[in-house]
Amino acid sequence: MIDLDYAKKAFDVYTKQYDLSIPQIYLKYIHSYKVVDVIEELCDMQGIKEEKDLCLLIGLLHDIGRFEQFRLYHSFIDYKTVDHAMYSSYLLFDQGLIRNFIQEDTYDSLIKKAIEQHNKYKIEEGFNEEELFYIHMIRDADKLDHFRVKDVEKDTTLLGATYKEVGQETITDAVYDQFMAHKLIYGPTRQTHLDQWISYIAFMYDLYFQVSKQYLKKHDYIHRSFDKIEITNEETKRKYNALERCALNYINTKEDKR
């Protein structure tokens, strides 16, 4: 049996060992709960009931390794520190932390696979239909909440630079080409803070559920994301505006997968 109230209380106990006054730590704490909210909305929009509680539990725990990652490395950049999804899985299942949140092990395999795949550039092969459902749900909800995070959090917390400073940077050709090709941005190709910002917006290209696109459009997150940064260089501005047109065209015309 999945008891979400029990799991949330355990989550609060676990996170209290970290300093929630640190903006980056607090951001991940709030993000975990907001992902739960997004999943609940996505499930309700699709009439999903039987699988809902497990989806919500996965949402709550998907970033559990982020807190220790930041404590150890003072960074959330996975390719420079540790893969946070695999580290979350390690803490939950190798270290046994999962039993703090749910006593039975019936769902362990589904939880483990969904969490391990939630941040992958591309989902690995070999999963069955049930496993893919939970994987796609957490991947979509995680990406959707990142748009909220970008909309409300302080620029220096998100990027380590002010929006004014970011607006003076350039867009790396590889990042521009990937975005225009409707692809996620491969992390190591990012060279500037502006590249990083663009890579966040590119999360839209990996949304799976029809209702996820509707959610994105409902909140007007594409316009709002691009409008956050005022580009100063004319050539960079031209490229930035082209990216926005590409994104809007994609979100309004692409064929839904589900």
Side-chain angles (χ1 to χ4, degrees), residues 23-42 55-56 58-67 69-70 75-81 83-85 87-88 114-123 135-161 163 166 175 178-179 182-187 189-190 192-209 211-229 243-244 246-248 250-251:
Q24 292 89 341
I25 295 291
Y26 186 69
L27 185 155
K28 292 303 177 183
Y29 173 79
I30 295 298
H31 169 66
S32 298
Y33 276 107
K34 291 296 185 180
V35 167
V36 172
D37 292 342
V38 173
I39 289 175
E40 185 161 26
E41 185 169 344
L42 295 182
C55 288
L56 296 174
I58 291 169
L60 180 68
L61 301 179
H62 79 285
D63 267 358
I64 196 76
R66 283 296 204 187
F67 303 96
Q69 178 190 29
F70 193 83
S75 172
F76 289 134
I77 303 176
D78 283 14
Y79 67 86
K80 291 184 178 180
T81 60
D83 183 319
H84 77 273
Y87 195 58
S88 295
I115 288 178
E116 289 181 351
Q117 294 296 311
H118 89 266
N119 72 329
K120 296 291 183 287
Y121 182 76
K122 183 179 179 181
I123 297 173
I135 290 170
H136 283 304
M137 183 63 74
I138 184 56
R139 285 172 67 90
D140 274 23
D142 187 38
K143 290 177 174 66
L144 289 173
D145 189 61
H146 274 292
F147 282 91
R148 177 200 61 82
V149 170
K150 294 197 307 294
D151 199 48
V152 302
E153 290 294 337
K154 189 176 179 180
D155 46 10
T156 52
T157 300
L158 292 169
L159 297 166
Y163 289 135
V166 176
V175 170
Q178 288 173 72
F179 194 102
H182 300 170
K183 294 180 179 179
L184 291 175
I185 308 303
Y186 182 54
T189 65
R190 302 181 304 185
T192 67
H193 297 101
L194 185 54
D195 288 342
Q196 186 177 347
W197 185 258
I198 291 166
S199 75
Y200 294 156
I201 303 173
F203 284 163
M204 61 180 286
Y205 292 134
D206 197 49
L207 295 175
Y208 178 81
F209 293 102
V211 294
S212 298
K213 185 181 76 170
Q214 294 172 359
Y215 184 99
L216 201 60
K217 293 170 68 175
K218 171 185 174 183
H219 293 280
D220 196 28
Y221 277 138
I222 302 304
H223 278 121
R224 288 161 67 173
S225 295
F226 276 100
D227 288 350
K228 282 280 187 179
I229 297 175
L243 293 176
E244 182 174 16
C246 178
L248 290 170
Y250 179 87
I251 205 67

- request: Compare every heavy atom of H136 with every heavy atom of I123, then report the nearest pair and how far apart it is.
  value: CD1-CE1, 3.4 Å
- prompt: Is the count of non-hydrogen atoms from other residues, nucleotides or ligands lying under 6.0 Å from Y33 atom OH greater than 12?
  reply: yes
task: Look at the side chain of D37 and the backbone N and O of K34, then say whether any donor-acceptor pair between them is shorter than 3.5 Å.
output: no
statement: So CD1 of I115 and CG of D142: to nearest 0.5 Å the spacing works out to 11.0 Å
message: Ignoring hydrogens, what is the shortest heavy-atom contact between L42 and S212? Give both atom names and the distance.
response: CD1-OG, 3.9 Å
task: Using the test ring-ring contact (aromatic ring centres under 6.0 Å, His included), find all partners of F76 that sit at least two apart in sequence or belong to another chain.
output: F70
query: Can you find a heavy atom in the side chain of R148 that is under 4.5 Å from one in the side chain of I30?
result: yes
- prompt: Any donor-acceptor pair under 3.5 Å linking the side chain of D140 with the backbone of Y208?
  reply: yes
ring-ring contact (aromatic ring centres under 6.0 Å, His included) against Y200, all qualifying residues, sequence neighbours excluded: none
query: Do the side chains of L61 and S88 get nearer than 4.5 Å, heavy atoms only?
result: no
- prompt: Which atom names give the shortest non-hydrogen contact between S32 and D63, and what distance separates them?
  reply: OG-CB, 4.4 Å
task: Of all the heavy-atom pairs spanning Y205 and K183, show the shortest one and how long it is.
output: CD1-O, 3.4 Å
field: Interatomic distance, K213 atom NZ to L144 atom CG [nearest 0.5 angstrom]
entry: 13.0 Å
- line: Heavy atoms of I39 and A141 approach each other most closely as CG1-CB, 3.3 Å
field: Residue list, salt bridge (charged side-chain N to carboxylate O under 4.0 Å, His left out) with K120, at least two apart or on another chain
entry: D83
field: Interatomic spacing from OH in Y186 to OG in S199 - rounded to 0.5 Å
entry: 13.5 Å
- request: Determine the sole option in H84, H118, H31, E116 for which the side-chain hydrogen bond (donor to acceptor under 3.5 Å, both in side chains) test with H62 is passed.
  value: H31
field: Pairwise side-chain contact, I138 with V35, heavy-atom cut-off 4.5 Å (strictly under)
entry: yes
message: Quick check against the 3.5 Å criterion: does W197 have a side-chain atom that pairs as donor or acceptor with the backbone of S225?
response: yes
Table please: side-chain donor-acceptor pairs of residues 215-223 below 3.5 Å, with sequence neighbours left out.
residue	atom	partner	partner atom	Å
K218	NZ	E41	OE2	3.1
D220	OD1	H223	ND1	2.9

task: Sort out for me which residue in D195, T192, L243 forms a side-chain contact (heavy atoms from CB on, under 4.5 Å) with V175.
output: D195
- request: Taking side chain to side chain donor-acceptor pair (under 3.5 Å) as the test, write out the residues that go with R139, two or more places apart.
  value: D206
message: Could you check, using the six-membered ring where one of them is a Trp, whether F203 and F147 have ring centers closer than 6.0 angstrom?
response: no
message: Once side chain to side chain donor-acceptor pair (under 3.5 Å) is applied, what residue pairs with a partner in residues 149-159 remain, sequence neighbours excluded?
response: D151-R224
query: When rounded to the nearest 0.5 angstrom, what is the spacing between NZ in K228 and CG in L159?
result: 11.0 Å
Validation row, ring centre F67 to ring centre Y29 under 6.0 Å: no
- line: When every non-hydrogen atom of N119 is compared with those of A85, the smallest separation belongs to OD1-CB, 3.0 Å
message: Side chains of E244 and D227, heavy atoms from C-beta outward: is any pair under 4.5 Å?
response: yes
Euclidean distance, M204 CE relative to Y250 OH, rounded to 0.5 Å: 6.5 Å
task: Please assess I58 against M137 for the test side-chain contact (heavy atoms from CB on, under 4.5 Å), listing each intermediate value before the final yes or no.
output: CA-CA 9 Å; I58 291 169; M137 183 63 74; over 6 Å; no
- prompt: Considering only heavy atoms from C-beta outward, does the side chain of S75 approach that of Q24 to under 4.5 Å?
  reply: no
